[in-house]
Amino acid sequence: MNIEKKQEGSQVIFILEGRLDTTTSPKLEDELKKFLNEGITKLVFDFASLEYLSSAGLRILLATQKYLLKKQGEMIVRNVNETVAGIFDVTGFTDILTIE
């Protein structure tokens with residue numbers, strides 16, 4: 001999985017490409033910790049090039065969402081393809097996350 005990051009003030013956009021699964025999720029988690037510890041209040045995930053999302057990826061999204069809500073922050077998921085949208089629907093994440 002490739003992770004591209006764009007920071008604009010207190011907002012960071014994470015552009016993910018490939019598969020977010022058990023093997024690649026620790027890489028994303030490490031990158032997120034760096035930015036969240038720097039006081040980021042808005043986090044955007046761009047999933048236009050994300051091919052697959054496993055339960056390990058869902059866990060990271062949920063933990064990040066909870067963390068940002070505690071800090072009065074915001075998390076948005078954008079450009080979700082049909083495969084990932086189906087995973088969000090089945091798991092109930094469409095009710096938890098802000099998806100654009």
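Since this is a predicted model, take the numbers as computed values, not measurements.
- Partners of Phe45 by ring-ring contact (aromatic ring centres under 6.0 Å, His included), not counting sequence neighbours, listed by chain and number: Phe14, Phe47.
- Residues Leu50 and Met75 share a single hydrophobic cluster, defined by chaining ILVMFWY side chains whose heavy atoms lie under 4.5 Å apart.
- When the side chain to side chain contact (heavy atoms under 4.5 Å, CB included) test is applied to Ala85, the partners found at least two apart in sequence or on another chain are Val80.
- Leu53 has its side chain within reach of Leu61: a pair of non-hydrogen atoms, C-beta onward, lies under 4.5 Å apart.
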Extract all donor-acceptor atom pairs below 3.5 Å that involve side chains of residues 63-74 and protein atoms in other chains or at least two apart in sequence.
from, atom 1, to, atom 2, distance (Å)
Thr64, OG1, Ile60, O, 2.8
Gln65, NE2, Ile96, O, 3.4

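- Applying the salt bridge (charged side-chain N to carboxylate O under 4.0 Å, His left out) test to residues at least two apart or on different chains, the pairs with a partner in residues 7-21 are Arg19-Asp21.
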Which donor-acceptor pairs under 3.5 Å do the side chains of residues 35-44 make with protein atoms, sequence neighbours left out?
from, atom 1, to, atom 2, distance (Å)
Asn37, ND2, Lys33, O, 3.1
Thr41, OG1, Ser10, OG, 3.2

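- Among Thr24, Leu16, Ile15, the one residue that satisfies the side chain to side chain contact (heavy atoms under 4.5 Å, CB included) test with Ile3 is Leu16.
- Residues that satisfy the salt bridge (Lys or Arg N to Asp or Glu O under 4.0 Å) test with Lys27, not counting sequence neighbours, are absent from this structure.
- Each salt bridge (charged side-chain N to carboxylate O under 4.0 Å, His left out) pair with one or both residues in residues 76-90, not counting sequence neighbours, appears once here: Arg78-Glu100.
- For Lys6, there are no salt bridge (Lys or Arg N to Asp or Glu O under 4.0 Å) partners, not counting sequence neighbours.
- Side-chain contact between Glu4 and Asp46 is absent, with no heavy atoms from C-beta onward closer than 4.5 Å.
- By the rule that hydrophobic residues join a cluster once side-chain heavy atoms approach within less than 4.5 Å of another member, Tyr52 and Ile99 end up as members of separate clusters.
- Checking side-chain atoms of Asn2 against main-chain N and O of Gly18 turns up no donor-acceptor pair under 3.5 Å.
- Connection of Met1 to Ile13 is not established within any shared hydrophobic cluster, with ILVMFWY side chains joined at heavy-atom distances below 4.5 Å, either directly or through further cluster members.
- Sequence neighbours left out, not one pair with a member in residues 81-100 passes ring-ring contact (aromatic ring centres under 6.0 Å, His included).
- Rounded to the nearest 0.5 Å, atoms CG (Leu97) and CG (Leu62) are 7.5 Å apart.
- With sequence neighbours excluded, the residues that form a salt bridge (Lys or Arg N to Asp or Glu O under 4.0 Å) with Glu29 are Arg59.
- Smallest separation of non-hydrogen atoms from Thr83 and Glu51: CG2-O, 4.0 Å.
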